[in-house]
Amino acid sequence: MDVLKVKNLNKNYKKKASVLKDITFQIKKGICVGLVGESGCGKSTLARCILGIESIDSGEIVLFNTLLDQNKDMGSLRKHVQAVFQNPTSSLNPKLKIKDSLLDPFIQFESQIQLRHLNYQNQEQFVRDLLDMVDLPSRMANAYPHELSGGQKQRVAIARAISIEPALLLLDEPTASLDVFSQNQFLKLLEQLRVELELSYLFISHDLAAVHMISQQIMVMKEGSIVDSFNKEALLLNSRNSYTKELISVFEE
Ligand SMILES: Nc1ncnc2c1ncn2[C@@H]1O[C@H](COP(=O)(O)OP(=O)(O)OP(=O)(O)O)[C@@H](O)[C@H]1O
Ligand SMILES: [Mg+2]
């Protein structure tokens, strides 16, 4: 089953040449699709269009067989899509304790969702379970964001995003602020959660190694177009697009 279908999507910002050109792809349930491409090629713009916070000029975005209507907000579909961005500091409200940030989406969508894997008994237990899922100690529930490291904050951002068991998680450079060791730990955690909760991911990065580590399928974007798309096992095949080969050679240096 396709969780997300994007068809012939085009997007321009005012006074700018095309930013996204005829983008078409699908994400199946439980699969991580990686999107790799150089800075400025349009990756975050695509994520913002899927989230409905950026309008599109033409094309279709279909979530669970429901066409996103650009004239309305995402309404009831919003609970199915969550996002984690590059900068964990700006994604957590500095005035809220971690437990309150964690509970925010759940409280917002409680009446509309049915948890299938997580178990909500009471707030305290739920917060403990969420922290435990991302390997953080339960005492962090009462901390404020400034008391946590970047990697810890990014784990909180993940815990918050998965708390309502969204079908699709958009991960836009989530490891960019982490050191290499934390990056690896974080990617392993994402992989484990994807399998446990049957989540689908769109994992965006300019880091081909990270994309290769976590994705089952990889799309390569260049100047707003998807120029190559393949199963990860096919990364090193000779049939790859010349731009993909260029990206690989940069990583091999
Ligand atoms: N709000 C905006 N208004 C006008 N132009 C924008 C806006 N946001 C992005 N752009 C332009 O659209 C293009 C794509 O930007 P986008 O942020 O999607 O790139 P990206 O692939 O995510 O890059 P990075 O890897 O650096 O995050 C860039 O040329 C950028 O300057
Ligand atoms: Mg970006």
Side-chain angles (χ1 to χ4, degrees), residues 43-55 63 68 72-115 117-179 182-183 185-187 189-190 192-194 197 199-205:
K43 305 180 296 296
S44 297
T45 301
L46 178 59
R48 290 201 297 271
C49 290
I50 296 168
L51 278 172
I53 52 182
E54 198 68 73
S55 66
L63 263 172
L68 285 196
K72 294 188 195 153
D73 66 20
M74 281 175 77
S76 64
L77 289 172
R78 194 64 188 78
K79 63 179 181 284
H80 298 303
V81 187
Q82 290 285 300
V84 174
F85 295 103
Q86 172 169 358
N87 185 341
T89 302
S90 65
S91 65
L92 294 176
N93 183 338
K95 295 197 183 104
L96 289 186
K97 284 186 174 175
I98 296 303
K99 63 178 175 191
D100 295 318
S101 280
L102 276 178
L103 286 168
D104 191 45
F106 185 78
I107 289 168
Q108 192 185 345
F109 293 110
E110 191 175 0
S111 61
Q112 302 172 38
I113 55 170
Q114 240 179 341
L115 296 177
H117 301 272
L118 305 174
N119 184 11
Y120 184 88
Q121 289 152 349
N122 58 58
Q123 284 197 353
E124 265 174 39
Q125 183 61 44
F126 193 54
V127 166
R128 268 203 298 275
D129 287 351
L130 288 173
L131 288 171
D132 189 48
M133 287 201 80
V134 294
D135 289 328
L136 291 177
S138 50
R139 65 180 153 78
M140 281 195 179
N142 286 309
Y144 286 93
H146 74 265
E147 299 172 75
L148 273 59
S149 75
Q152 289 167 336
K153 276 185 273 203
Q154 205 58 320
R155 281 166 189 262
V156 172
I158 286 285
R160 185 177 57 176
I162 62 167
S163 66
I164 55 171
E165 295 190 19
L168 178 64
L169 200 53
L170 305 179
L171 298 149
D172 189 354
E173 310 261 10
T175 58
S177 64
L178 308 179
D179 63 59
S182 313
Q183 270 190 31
Q185 300 272 320
F186 191 75
L187 290 175
L189 172 66
L190 284 175
Q192 184 192 328
L193 293 173
R194 179 182 64 79
L197 304 178
L199 304 171
S200 303
Y201 293 160
L202 178 64
F203 182 87
I204 296 174
S205 178

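Positions are given from 1, in the same order as the sequence printed here.
In plain terms, the two heavy atoms of Ser55 and Cys49 that are nearest each other are O-SG, 4.0 Å. Looking at every heavy atom in both residues, Gln152 comes nearest to Ser149 through OE1-N, 2.8 Å.
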Step-by-step side-chain contact (heavy atoms from CB on, under 4.5 Å) determination, Tyr144 to Lys97: CA-CA 5 Å; Tyr144 286 93; Lys97 284 186 174 175; 3.7 Å; yes

Gln112 and Ile164: CA distance, side-chain angles, deciding distance, side-chain contact (heavy atoms from CB on, under 4.5 Å) verdict: CA-CA 10 Å; Gln112 302 172 38; Ile164 55 171; over 6 Å; no

Worked verdict on Ser182 versus Gln154 for side-chain contact (heavy atoms from CB on, under 4.5 Å): CA-CA 10 Å; Ser182 313; Gln154 205 58 320; over 6 Å; no

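Side chain of Tyr201 to backbone of Leu190: a donor-acceptor contact under 3.5 angstrom is found. Under a 3.5 Å cut-off, the side chain of Thr175 and the backbone N or O of Leu178 do not form any donor-acceptor pair. Using modelled atom types, no side-chain atom of Ser101 and backbone atom of Ile98 make a donor-acceptor pair closer than 3.5 Å. The main-chain N or O of Val81 is found under 3.5 Å from a side-chain atom of Arg78 such that the two form a donor-acceptor pair. One N or O on the side chain of Glu165 and one on the backbone of Leu118 form a donor-acceptor pair closer than 3.5 Å. Judged by distance alone, with hydrogens and angles left aside, the side-chain atoms of Glu110 form no donor-acceptor pair with the main-chain N or O of Ile107 at under 3.5 Å.
Residues Ile204 and Leu170 have side chains not in contact (no heavy-atom distance under 4.5 Å, counting atoms from C-beta outward). You'll find the side chain of His80 stays beyond 4.5 Å of the side chain of Pro166, heavy atoms only. Ser177 has its side chain out of reach of Lys153: every pair of non-hydrogen atoms, C-beta onward, lies at least 4.5 Å apart. Counting heavy atoms from C-beta outward, Pro94 and His146 have side chains that stay 4.5 Å or more apart.
Of the inter-residue distances, the one linking Leu169 atom CG with Asp172 atom CG reads 11.5 Å to the nearest 0.5 angstrom. Annotation: the span from Leu102 atom CG to Ile158 atom CD1 amounts to 12.0 Å, rounded to 0.5 Å. To the nearest 0.5 Å, atoms CD (Gln82) and CD1 (Ile162) are separated by 10.5 Å. Here the straight-line distance linking atom CG of Leu103 with atom OG of Ser163 works out to 7.5 Å at 0.5 Å rounding. To the nearest 0.5 Å, atoms CZ (Arg48) and CD1 (Ile50) are separated by 11.5 Å. Here the CD1 atom belonging to Ile113 is positioned 10.0 Å from the CD atom belonging to Gln108, to the nearest 0.5 angstrom.
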Donor-acceptor contacts under 3.5 Å from residues 126-143 side chains, at least two apart:
{"residue": "Arg128", "atom": "NH2", "partner": "Gln125", "partner atom": "OE1", "Å": "2.9"}
{"residue": "Asp129", "atom": "OD1", "partner": "Gln125", "partner atom": "NE2", "Å": "2.9"}
{"residue": "Asn142", "atom": "OD1", "partner": "Lys99", "partner atom": "NZ", "Å": "2.9"}

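Partners of Asn93 under the side chain to side chain contact (heavy atoms under 4.5 Å, CB included) rule, at least two apart in sequence or in another chain, are Lys95, Leu96.
For CD of Glu147, the number of neighbouring non-hydrogen atoms (other residues, nucleotides, ligands) closer than 6.0 Å is greater than 12.
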